[in-house]
S.K.: 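The structure is given below, and queries will be raised subsequently.
Throughout, a chain's letter reflects where its sequence line sits, starting with A, and its residues are numbered from 1. Predicted model only: the values in this text are computed from it and were never measured.
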Amino acid sequence: MKIGRVAGTVVSTISHPTFDARRLLLCDILSPGGEPTGDYTIAADAIDAGVGDTVLILDEGSSARQIIGESVAPIRAMVVGVIDEIDLA
Amino acid sequence: MKIGRVAGTVVSTISHPTFDARRLLLCDILSPGGEPTGDYTIAADAIDAGVGDTVLILDEGSSARQIIGESVAPIRAMVVGVIDEIDLA
Amino acid sequence: MKIGRVAGTVVSTISHPTFDARRLLLCDILSPGGEPTGDYTIAADAIDAGVGDTVLILDEGSSARQIIGESVAPIRAMVVGVIDEIDLA
Amino acid sequence: MKIGRVAGTVVSTISHPTFDARRLLLCDILSPGGEPTGDYTIAADAIDAGVGDTVLILDEGSSARQIIGESVAPIRAMVVGVIDEIDLA
Amino acid sequence: MKIGRVAGTVVSTISHPTFDARRLLLCDILSPGGEPTGDYTIAADAIDAGVGDTVLILDEGSSARQIIGESVAPIRAMVVGVIDEIDLA
């Protein structure tokens with residue numbers, strides 16, 4: 001998984017019911033230190049994340065489908081959690 | 001998913017019925033700000049997109065097969081939606 | 001999928017019947033404009049492509065297995081078509 | 001697989017029982033010579049690794065699920081072993 | 001697939017029987033011309049390759065499992081053949 005920061009939402013019409021009530025989040029990929037890497041992804045939202053949130057992004061379709069509990073869903077990248085803390089011990 | 005811009009179409013003979021009536025779109029991968037990243041992909045068209053359209057590109061075979069409703073189809077990257085708006089709140 | 005140019009063949013003994021009668025093609029990955037990107041892949045040949053041909057390279061195992069009609073085959077990257085034309089409208 | 005060094009732990013609430021008792025490890029990806037590459041991943045912990053450990057990171061969901069013996073688990077990257085020695089003969 | 005050169009072996013304890021009698025090979029990824037690219041992978045050995053061998057590396061779990069004939073094995077990258085010749089016609 002990668003660390004992301006929610007930069008905004010993407011509005012698009014995708015003809016599949018999985019997307020009917022699910023937001024697409026434009027997320028900048030961050031470094032461990034919290035700096036933008038220049039990379040990004042558009043991920044489906046599993047947690048009602050807000051713009052500016054630092055989040056965990058999981059980039060595997062099978063895992064994404066398990067998180068939302070749907071065996072059939074055309075999703076690969078998903079925002080699966082808000083990051084509460086990164087503990088560099 | 002990534003943001004793409006349809007740059008053209010690719011004409012090729014692929015011996016699989018999935019491709020008989022489906023266009024292959026050459027798409028430049030864009031940054032969140034809409035600039036070309038230098039990367040590209042050739043994606044199957046699920047939405048009858050046109051050259052110049054800003055689109056959503058989904059790059060997973062299982063998801064692509066679900067979008068078109070075929071359990072068997074040799075596709076990985078697919079254009080799944082036209083992007084109507086990117087809302088950077 | 002990516003655009004490739006067949007640069008040569010790779011001779012190797014792989015102990016799996018899928019490879020008994022199937023050539024492995026060393027392909028340079030090209031940009032949309034036809035320039036080498038510096039990246040390459042070694043792909044199984046599904047179409048009897050020749051050196052110098054501009055081809056479509058599909059990089060997903062499930063898709064590769066569907067193209068050759070074998071449900072069991074240890075292949076990920078495959079040359080699936082000769083590119084006849086790239087139409088940048 | 002890649003060589004990683006555990007840099008810390010990530011605290012996040014992911015609503016799936018797989019993560020209830022499983023730590024998420026922030027791992028820097030190392031070169032064969034043990035230098036940071038600048039890349040990183042957040043991987044689930046299968047071995048109770050500690051900060052500073054040099055570890056093996058396996059980045060495939062199906063494999064991760066087999067390592068922990070759960071057929072259903074939304075995991076892709078996993079720390080699967082501590083590296084005892086790299087023998088450059 | 002990519003061209004690799006076996007640089008050494010990695011010693012690690014992975015708690016899964018697949019790895020009990022299988023070496024892990026540290027492989028530098030080579031360019032088509034045989035130069036190191038700077039990238040590497042740690043791959044399971046399917047062919048008893050030796051240090052210095054130029055090999056084919058297949059990076060897909062499903063394929064790796066087919067090569068070794070085990071439907072359950074937590075492996076993604078595998079050394080599947082020694083390269084005897086690269087024929088740039």
S.K.: Taking 4.5 Å as the heavy-atom cut-off, does anything in residues 63-85 of chain A contact chain D, and if so which residues?
M.R.: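 At a heavy-atom separation under 4.5 Å, chain D is reached by A/S63, A/Q66, A/I67, A/R76, A/V80, A/G81, A/V82, A/I83, A/D84, A/E85.
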S.K.: Where does A/L30 contact chain D at under 4.5 Å (heavy atoms): side chain, backbone, both or neither?
M.R.: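 Answer is backbone: N, CA, C or O of A/L30 sit under 4.5 Å from chain D.
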S.K.: Listed by residue number, which members of residues 31-41 of chain A have a heavy atom under 4.5 Å from any heavy atom of chain D?
M.R.: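 Residues in range: A/S31, A/P32.
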S.K.: Can you tell me how far the CG atom of A/L56 sits from the OG1 atom of A/T54, to the nearest 0.5 Å?
M.R.: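 One gets 10.0 Å once the value is rounded to the nearest 0.5 Å.
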S.K.: Within the structure provided, determine whether D/L24 and D/F19 are in side-chain contact (heavy-atom separation under 4.5 Å).
M.R.: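 With C-beta onward as the side chain, the pair touches.
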S.K.: Side chains of A/V10 and A/L25: does their closest heavy-atom pair fall under 4.5 Å?
M.R.: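 Not in contact.
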S.K.: Examine whether an atom of A/L88 lies under 4.5 Å from a heavy atom of chain D, and if so say whether it belongs to the side chain, the backbone or both; otherwise answer neither.
M.R.: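 Contact with chain D: backbone and side chain both.
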S.K.: Using a heavy-atom distance cut-off of less than 4.5 Å, which residues of residues 42-51 of chain D contact chain A?
M.R.: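 Residues D/I42, D/V51 are the ones that qualify, each having a heavy atom under 4.5 Å from chain A.
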S.K.: Contact part of D/T18 toward chain A, heavy-atom cut-off under 4.5 Å: side chain, backbone, both or neither?
M.R.: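 Answer is neither: D/T18 stays 4.5 Å or more from chain A.
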S.K.: Using a heavy-atom cutoff of under 4.5 Å, enumerate the residues of residues 1-9 of chain A that contact chain D, numbered in order, or state 'none'.
M.R.: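 Residues in range: A/M1, A/K2, A/I3.
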